[in-house]
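We use all heavy atoms of the structure for the numbers below, so side chains are in, but hydrogens, waters and symmetry mates are not. Chain letters run A, B, ... following the sequence lines, proteins first and then strands; every chain starts at 1.
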Number of protein chains: 4
Amino acid sequence: MIKLEKRTEIIHAALELIAEQGFHAAPMAMIASRAGVGAGTIYRYFANKDVLITELYREIEAKILPCLLEGYIEKQPIRERFLHLSMALLRYFIIHPLYFRYLEQFFNSPYGVALRREKLLGRTEKRDAYRELFVEGVAGQVIKDLPLPVLFALSFGPLLAVTRDHVLGFIVLDDALMARTIEACWEGLKK
Amino acid sequence: MIKLEKRTEIIHAALELIAEQGFHAAPMAMIASRAGVGAGTIYRYFANKDVLITELYREIEAKILPCLLEGYIEKQPIRERFLHLSMALLRYFIIHPLYFRYLEQFFNSPYGVALRREKLLGRTEKRDAYRELFVEGVAGQVIKDLPLPVLFALSFGPLLAVTRDHVLGFIVLDDALMARTIEACWEGLKK
Amino acid sequence: MIKLEKRTEIIHAALELIAEQGFHAAPMAMIASRAGVGAGTIYRYFANKDVLITELYREIEAKILPCLLEGYIEKQPIRERFLHLSMALLRYFIIHPLYFRYLEQFFNSPYGVALRREKLLGRTEKRDAYRELFVEGVAGQVIKDLPLPVLFALSFGPLLAVTRDHVLGFIVLDDALMARTIEACWEGLKK
Amino acid sequence: MIKLEKRTEIIHAALELIAEQGFHAAPMAMIASRAGVGAGTIYRYFANKDVLITELYREIEAKILPCLLEGYIEKQPIRERFLHLSMALLRYFIIHPLYFRYLEQFFNSPYGVALRREKLLGRTEKRDAYRELFVEGVAGQVIKDLPLPVLFALSFGPLLAVTRDHVLGFIVLDDALMARTIEACWEGLKK
DNA sequence: GATGAATGAGCGTTCATTCAT
DNA sequence: CATGAATGAACGCTCATTCAT
């Protein structure tokens, strides 16, 4: 369908420009021209720039969750589940560096401020998998008895940092290094 | 000297506006008016906005390092030195939330992109204290044998994340919680 | 015939939107959607927006004239004929406030500028009824010997003003008030 | 003072463009270029286009009132006062046709809609002079006992209509014709 | 004939920077 | 030295019109 193709082109052009150069390098006219459409055309698919930016964010997020949960076995021990989720997360971002960079830009822009608040409060499903893990782990005395935000910090802090380093080319995250990094995170978490 | 006072006022106005609302809320005219100077005056102290923003960044960084090293004893065991540096870092940001928020804005803006690259490559002094620590720790088999960027990630990742959570009001970082968080980081690092 | 129905729908949609909210609230796409047709379809019936707007004006005008002349008796005295025409005019606008509001919008828009010139020069039929009246009245020394535009002003000026007040809800024009208002106009006209 | 000159130039450019061609012919860039200033400069004097348009309206209005009341004698009979005010009004518009045309454009645009409502309710000083006149005249049985809006219509309706005709060149309003026209209005008003 | 997706010129507005005073 | 008025390029967005289907 033509309609969907154009929408896809626009979303993709926005993704590339913003992920690669940041929001300041992505005026609507440039998004349009990279997408190969007229400037006004964008507004047939997105009410305004805010909506385009947020929609793109949601699309990315919607793609991540299923990947994390693929092969995820609820009955496994907490440690194994943590390793699984984290490995999946790292792999996803390594495969989709544009998504990672976009998310970084998004959360550090006025567009993402409101959403960041939500996320930090742990309202989203993706984090819910982690959240359940942490709650269960704390209750079962497997994980340190620290406030949830601190547990999140101990997990996502290093994971996102190494992903950034990989994406920027400072390190090469192969499976072995990912595994060792995640293992280190776990050692910080575990009681 | 009048000259320095104006410079200081300008820097401070920029700090407040950017830290509190982000770059998009800090046009030069607003910085000037909050600083109590004419719009053109800023250009007598800073060649352009880029320079102002970067200069402010450097000033903040220059203030942090001495604080981290205050009471820092080179001869202490690696663990103690890590705890010391990290405690000092957290305390510094808790006391100076404006600086923390500015740094976050800065690193996630076009202005900070070049510098981020530098930092990640570990060229700056502040990180050098940590760097020495890590190099020494790896050599002495006290710290995991992971690439330096990963070690940085395991340390700064959680520390900056909990600081953010504190600044945004999601948790309250008192000395005890800071200590436990840093301890957890250490457990991730140590062999 | 389908064709005529569509044309009617388009004209009617334009009438409603423009009369109720003004030209600025009536983009072609909105007219089309209210008319239940495609945006491009309008251009099969009207060469462009200008033509649509002008055509709508002409249709309204064409509807008014017969109403004014209904029951109009050429042989009656001038005063009675003036009262008749004016009463019919007021009643028409009271019954069709959308037409009245459209005409107001139209004459005060770029679209109507050219036509206004025409009208003021007295080239249109509707005014011709009045015009004959005035010419005859002046000749017969029944009406003041003033230039035609002044006589038009003394008649239409108050009539349109009270209609506007009625449509906007500032007064309620019942038959009695209409009659008294028209009578007052006549007293201004008569010798 | 340069500041005032620029402001004046901008106001004047807006007045000319809007009075002569209507709002549609007066984009900010054109106002700026006719005023001989940069596009951004207008915004140093007026917060936005709305404000410019409204400010211009207020300036015109503020100039009219004193002219109407010059030589106005409260103690004169109602008829004389009506003739005085109306003569002054007509003369003012004849001398300042641009003002007249601007006011017409203004009141028939979204900008003036709110103000029109106010005016029709008779809240403004200028009309207050007329209003007092009418109230007093009705009470003293000199003027027809009609609702105020109708009395306004019988006065302003013809006066504005003949002014328009003059400004557009359909008639030439000399003092004699003005006097006769106003006299005719009075005959419509008086008991 | 009818459609509505696509277009792009043109709008109002912002803001980093300059320069006459 | 310091100023702040002036600038104009660039932004996000609208809408009359076209044209492939």
Side-chain angles (χ1 to χ4, degrees), chain A residues 1-7 10 23-24 26-33 35-53, chain B residues 1-3 6 23-33 36-53, chain C residues 1-3 6 23-33 36-53, chain D residues 1-7 10 23-24 26-33 35-53:
Chain A
M1 211 172 301
I2 285 170
K3 207 174 165 180
L4 284 182
E5 276 169 27
K6 282 237 154 79
R7 208 195 109 102
I10 292 163
F23 284 100
H24 76 284
M28 293 298 260
M30 194 177 292
I31 293 172
S33 86
V37 303
T41 304
I42 297 181
Y43 293 87
R44 294 198 55 75
Y45 297 94
F46 306 94
N48 54 47
K49 193 171 186 177
D50 250 76
V51 168
L52 164 59
I53 261 68
Chain B
M1 211 176 299
I2 285 172
K3 211 173 163 181
K6 290 214 199 253
F23 284 100
H24 74 281
M28 293 296 260
M30 196 179 290
I31 293 172
S33 89
V37 304
T41 305
I42 297 182
Y43 291 85
R44 302 202 59 77
Y45 295 94
F46 307 93
N48 55 44
K49 193 171 186 177
D50 251 75
V51 168
L52 163 59
I53 260 68
Chain C
M1 208 175 300
I2 284 171
K3 209 172 164 182
K6 291 216 197 252
F23 283 100
H24 74 282
M28 293 297 261
M30 194 179 291
I31 292 172
S33 90
V37 305
T41 305
I42 296 182
Y43 291 85
R44 301 202 59 78
Y45 296 94
F46 306 94
N48 55 44
K49 195 171 184 177
D50 251 76
V51 168
L52 163 59
I53 262 67
Chain D
M1 214 173 298
I2 285 169
K3 207 173 165 181
L4 284 181
E5 276 169 27
K6 282 236 153 82
R7 208 194 110 101
I10 293 163
F23 284 100
H24 76 283
M28 292 297 261
M30 193 177 293
I31 293 172
S33 87
V37 304
T41 303
I42 297 181
Y43 293 87
R44 295 198 54 76
Y45 297 94
F46 307 95
N48 54 48
K49 192 172 186 177
D50 249 77
V51 168
L52 165 59
I53 261 69

| Position toward the 5' end of DNA chain F (nearest nucleotide), M30(A) or G38(D) | G38(D)
| field | Rounded interatomic separation in angstrom, taking OH from Y45(A) and P from dG12(F) | value | 20 Å
| request: Starting from C1' on dG4(F), measure out to CD1 on I31(B) and report it in whole angstrom. | output: 16 Å
| note | To the nearest 0.5 Å, atom CG of L52(C) lies from atom OH of Y45(C) at 13.0 Å
| said: If the cut-off is 4.0 Å, is K6(B) near the phosphate of dT3(F), judged by side-chain N/O to OP1 or OP2? | reply: yes
| message | Quick check on dG1(E): is either OP1 or OP2 less than 4.0 Å from any side-chain nitrogen or oxygen of R44(C)? | response | yes
Identify the heavy atoms of [X] and [Y] that sit nearest to each other, and give their distance.
X      : Y      : result
T41(D) : K6(D)  : CG2-CD, 4.1 Å
Y43(D) : N48(D) : CE2-CA, 3.9 Å
A32(A) : G38(A) : CB-O, 3.7 Å
F23(C) : K49(C) : O-NZ, 4.4 Å

Protein and nucleotides 14-16 of chain F: nitrogen or oxygen contacts under 3.5 angstrom:
{"residue": "dA16(F)", "atom": "OP1", "partner": "K49(C)", "partner atom": "NZ", "Å": "2.9"}
{"residue": "dA16(F)", "atom": "OP2", "partner": "M28(C)", "partner atom": "N", "Å": "2.4"}

| request: Could you give me the stems involving DNA chain E, meaning stretches of three or more consecutive Watson-Crick or G-U wobble pairs whose two defining distances are both below 3.5 Å? | output: E:2-21 with F:2-21
| field | D50(B) or V37(A), whichever maps to the more 5' nucleotide of DNA chain E | value | V37(A)
